[in-house]
Number of protein chains: 2
Amino acid sequence: MEARDVMNKEMQRTLLEDVAREAEVSTASVSRVLNRAPHVSKRLRERVEAAIDRLGYVPDGTARALASRRIGAIGALVPTLDNPIFSAMIDSLERRLKRHDCRLLIATYRYDLDDELQALRTLIQQGVDGVVLVGHDHRPAALTLLQRRQLPFLTCWHAEDDPDWPGIGFDNTAPARHLAEHLLMLGHRRLAVVSAPTDGNDRARARLEGFRQAAEAAGCPLPPERIVKVDYGIAEGAEAFESLMGLDRRPTAILCGNDTLAFGVMLAAQRAGLQVPREISITGFDDLPQARFMSPPLTTVAVPAGEIGRQVADGLIARIDGVTTPHRRLLDAPLVLRESTGPAPTD
Amino acid sequence: MEARDVMNKEMQRTLLEDVAREAEVSTASVSRVLNRAPHVSKRLRERVEAAIDRLGYVPDGTARALASRRIGAIGALVPTLDNPIFSAMIDSLERRLKRHDCRLLIATYRYDLDDELQALRTLIQQGVDGVVLVGHDHRPAALTLLQRRQLPFLTCWHAEDDPDWPGIGFDNTAPARHLAEHLLMLGHRRLAVVSAPTDGNDRARARLEGFRQAAEAAGCPLPPERIVKVDYGIAEGAEAFESLMGLDRRPTAILCGNDTLAFGVMLAAQRAGLQVPREISITGFDDLPQARFMSPPLTTVAVPAGEIGRQVADGLIARIDGVTTPHRRLLDAPLVLRESTGPAPTD
DNA sequence: TTGTATGCGTTATCAC
DNA sequence: GTGATAACGCATACAA
């Protein structure tokens with residue numbers, strides 16, 4: 001019994017103290033070597049490093065976190081990872097953070113801002129050194145929380161100018177407007193939009209706004225019935241197409257909030273026997289890898305997901321280190337004109 | 001100066017001790033309420049909760065982690081998040097972990113097992129309560145690390161029987177074999193394979209093995225020149241197709257290691273003027289959302305990525321709580337026969 | 001059921 | 001440069 005208890009005791013891990021004893025130096029010195037502090041003699045460093053190797057010592061992250069007040073990890077709040085454009089960003093974010101010796105905690109919230117706020121609370125409680133958020137649509141309490149804690153944070157994706165939210169991203173409105181202008185220039189006058197739900201999603205709203213601006217400027221505004229909002233998905237895009245085809249005056253071009261919806265719309269159009277772009281033009285947004293392989297290849301906007309991940313990593317790390325970085329950084333999101341758009345059909 | 005120093009001092013956060021004072025109870029009692037310990041009177045609980053609300057107290061995760069020896073987060077090591085089949089799994093994993101009040105640290109390693117080992121070290125040092133790995137291909141040191149620390153862990157995706165690696169997943173070989181048998185039954189005799197690189201990827205190896213088994217059993221083994229290994233990607237699949245078409249005796253069916261490669265192969269085939277499946281049959285593996293929307297719809301294997309995420313979450317949490325769970329859990333990965341496969345062409 | 005006191009493994013602030 | 005030693009904020013064995 002006694003013996004078993006002894007056996008059960010987690011074999012005692014070697015502590016910093018053990019290293020100090022082995023190297024015959026103080027614990028403070030070991031800590032200094034560990035943290036690459038300045039003013040440590042080469043001789044001392046070598047002794048300590050030797051002792052560490054000999055004992056196979058591994059510092060305890062939790063103790064380090066408590067004493068130093070940083071855990072070596074940031075938190076990222078994203079709507080979902082089920083959308084490849086977000087997982088691409090997270091992938092590059094994590095890879096870049098690794099360079100800075102920083103880990104990544106992720107939390108998803110399905111576009112539910114209350115869930116996001118709750119997840120943020122949890123991350124803060126966890127002790128993350130910084131936070132990444134998507135867009136500027138958040139509960140006011142989220143901002144309060146971050147500011148009160150003086151926690152470094154950065155938004156991404158949606159780089160609208162906003163004094164509250166520093167961010168790295170791109171303009172969602174302008175490219176959307178350009179897409180619509182491209183169609184208008186091709187002679188289209190009855191445009192339609194298939195958008196993602198806009199609640200808690202300022203990117204979707206901004207794109208919709210861009211479509212609207214161009215349409216109105218051209219004197220052919222978008223009536224409500226030609227704006228369909230559906231959840232993310234190919235099938236959802238197809239359904240949106242069906243509903244648009246039920247209209248009296250069918251659109252000759254459909255602007256989609258993302259490539260996946262556009263893919264669904266394109267399939268449904270072809271299933272309905274329509275030629276793209278001869279009879280109907282279709283645009284996407286994201287430039288997913290498959291966009292250029294669709295038939296016809298999809299006209300869309302190239303969202304710099306990978307670049308955002310990298311720049312957000314660098315920017316947030318800088319802020320954590322107390323370096324002031326630009327409040328806002330605008331990346332390029334160029335139009336990619338392919339063959340899914342063409343001249344409006346001459347009725 | 002003095003004043004500024006005072007100002008600069010992080011406004012002192014309220015501590016558990018403050019709550020205890022406010023509620024006029026001991027710190028131990030506050031801790032008990034926080035941790036929902038048994039044997040706490042309703043009256044005391046209410047007093048403490050009231051005090052917590054009044055002070056807006058938030059427990060410090062790092063201190064809690066150091067004292068309790070668990071951080072409330074697990075680590076997941078995945079090859080990449082750039083492949084939607086993995087991000088789908090991570091998405092469901094994270095959502096399910098949330099139910100258990102557990103966070104998720106992710107690390108990617110690009111199929112480089114040395115990187116994986118390094119990332120595992122980092123996660124362990126960080127203090128994660130458990131680890132999720134993909135497949136059974138890992139450096140031996142990884143297993144040693146996990147065992148020595150007695151750290152709960154679970155593999156996923158590849159549910160081969162292996163005493164070292166407990167896991168939840170599916171059989172990669174059998175469905176692959178069945179795909180090949182399906183083609184053989186359709187009269188195909190010259191099969192080819194477009195596989196992902198097999199280094200550090202036992203799933204890719206297992207699938208290839210399944211293809212081989214069926215081919216050999218049918219008396220038409222796969223010669224090396226009809227097995228092409230390429231990186232993940234649509235363009236890569238297309239290139240693989242080109243190289244297969246350079247062979248003297250062209251295959252009549254191509255088995256692909258995943259849907260993305262299959263998509264590339266299919267596009268290249270059509271670009272080359274071949275009818276699918278009349279002139280060539282093509283299969284995938286994963287059943288990504290777009291598989292059923294390809295033209296023709298792709299014959300493939302439905303990988304239960306979401307279900308794996310959920311079951312891994314539940315299983316790992318159970319292990320962390322000391323509950324013994326089955327060493328191995330096999331999920332279903334059914335064939336999905338669609339229109340990309342058909343009778344072999346009669347020369 | 002509740003309180004007391006110690007431990008968790010580092011970092012960081014002082015002296016020297 | 002280096003060494004004592006006091007935080008860091010909470011959990012928990014033990015006592016009451």
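Lettering follows sequence order; numbering is per chain, from 1.
Using a 4.0 Å heavy-atom cutoff across all strands shown, L66(B) reaches at least one base atom of the nucleic acid. Using a 4.0 Å heavy-atom distance criterion, V30(B) is classed as making no nucleic acid contact. Using a 4.0 Å heavy-atom cutoff across all strands shown, T27(A) reaches at least one base atom of the nucleic acid. Within 4.0 Å (heavy atoms only), L16(B) reaches sugar-phosphate atoms of the nucleic acid but no base atom.
Summarising the local packing, CZ of R99(B) is surrounded by 12 or fewer heavy atoms from other residues, nucleotides or ligands at distances under 6.0 Å. No more than 12 heavy atoms of other residues, nucleotides or ligands shown are found within 6.0 angstrom of CZ on R70(B).
Side-chain atoms of R45(A) stay outside donor-acceptor range of the base of dG1(D), with no qualifying N/O pair under 3.5 Å.
Checking dT11(C), dG3(D), dT4(C) against the side-chain heavy atoms of A67(A) singles out dT11(C) as nearest. Nearest nucleotide to the side chain of V40(B), out of dA4(D), dG9(D), dT2(C): dT2(C). Listed nucleotides dT10(C), dT2(C), dA12(C) differ in distance to L15(A); the shortest reach to its side chain belongs to dT10(C).
If you take CZ of R47(A) and P of dG3(D), they are 9 Å apart, rounded to a whole angstrom. Rounded to a whole Å, the CG atom of N35(A) is 7 Å from the P atom of dA12(C). Atom C1' of nucleotide dG1(D) and atom NZ of K42(A) are separated by 16 Å, given to the nearest angstrom. For D60(B) and dA11(D), the CG to P distance is 10 Å, given to the nearest whole Å. The CZ atom of R36(A) sits 18 Å away from the C1' atom of dA12(C) (whole-angstrom rounding). One can place CZ of R21(B) at 14 Å from P of dG3(C), the figure rounded to the nearest angstrom. Atom CD1 of I71(B) and atom C1' of dA11(D) are 17 Å apart (whole Å). H39(A) has its NE2 atom 16 Å from the C1' atom of dG3(D), to the nearest Å.
Y57(B) has no side-chain polar atom (N or O) that falls below the 4.0 Å cut-off from OP1 or OP2 of dG9(D). OP1 or OP2 of dT11(C) lies within a sub-4.0 Å distance of a side-chain N or O belonging to S31(A). Here S68(A) does not reach the OP1 or OP2 of dT11(C): none of its side-chain N or O atoms lies under 4.0 Å away. Dashed line: the shortest gap from a side-chain N or O of S29(A) to OP1 or OP2 of dG3(D) is under 4.0 Å. Under 4.0 angstrom from either OP1 or OP2 of dT2(D) there lies at least one side-chain N or O belonging to S41(A). Residue R69(B) has a polar side-chain atom (N or O) positioned under 4.0 Å from OP1 or OP2 of dG9(C).
Between the side chains of S92(A) and R310(A), no donor-acceptor pair of N or O atoms lies under 3.5 Å.
Scanning all heavy atoms of the two residues, the minimum distance from R203(A) to F86(A) falls at NH2-CZ, 4.5 Å.
Under a 3.5 Å cut-off, the side chain of Q126(B) and the backbone N or O of I71(A) do form a donor-acceptor pair.
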Derivation of the ring pair (Phe, Tyr, Trp, His ring centres under 6.0 Å) call for W165(A) and H158(A): CA-CA 10 Å; W165(A) 301 105; H158(A) 190 49; over 10 Å; no
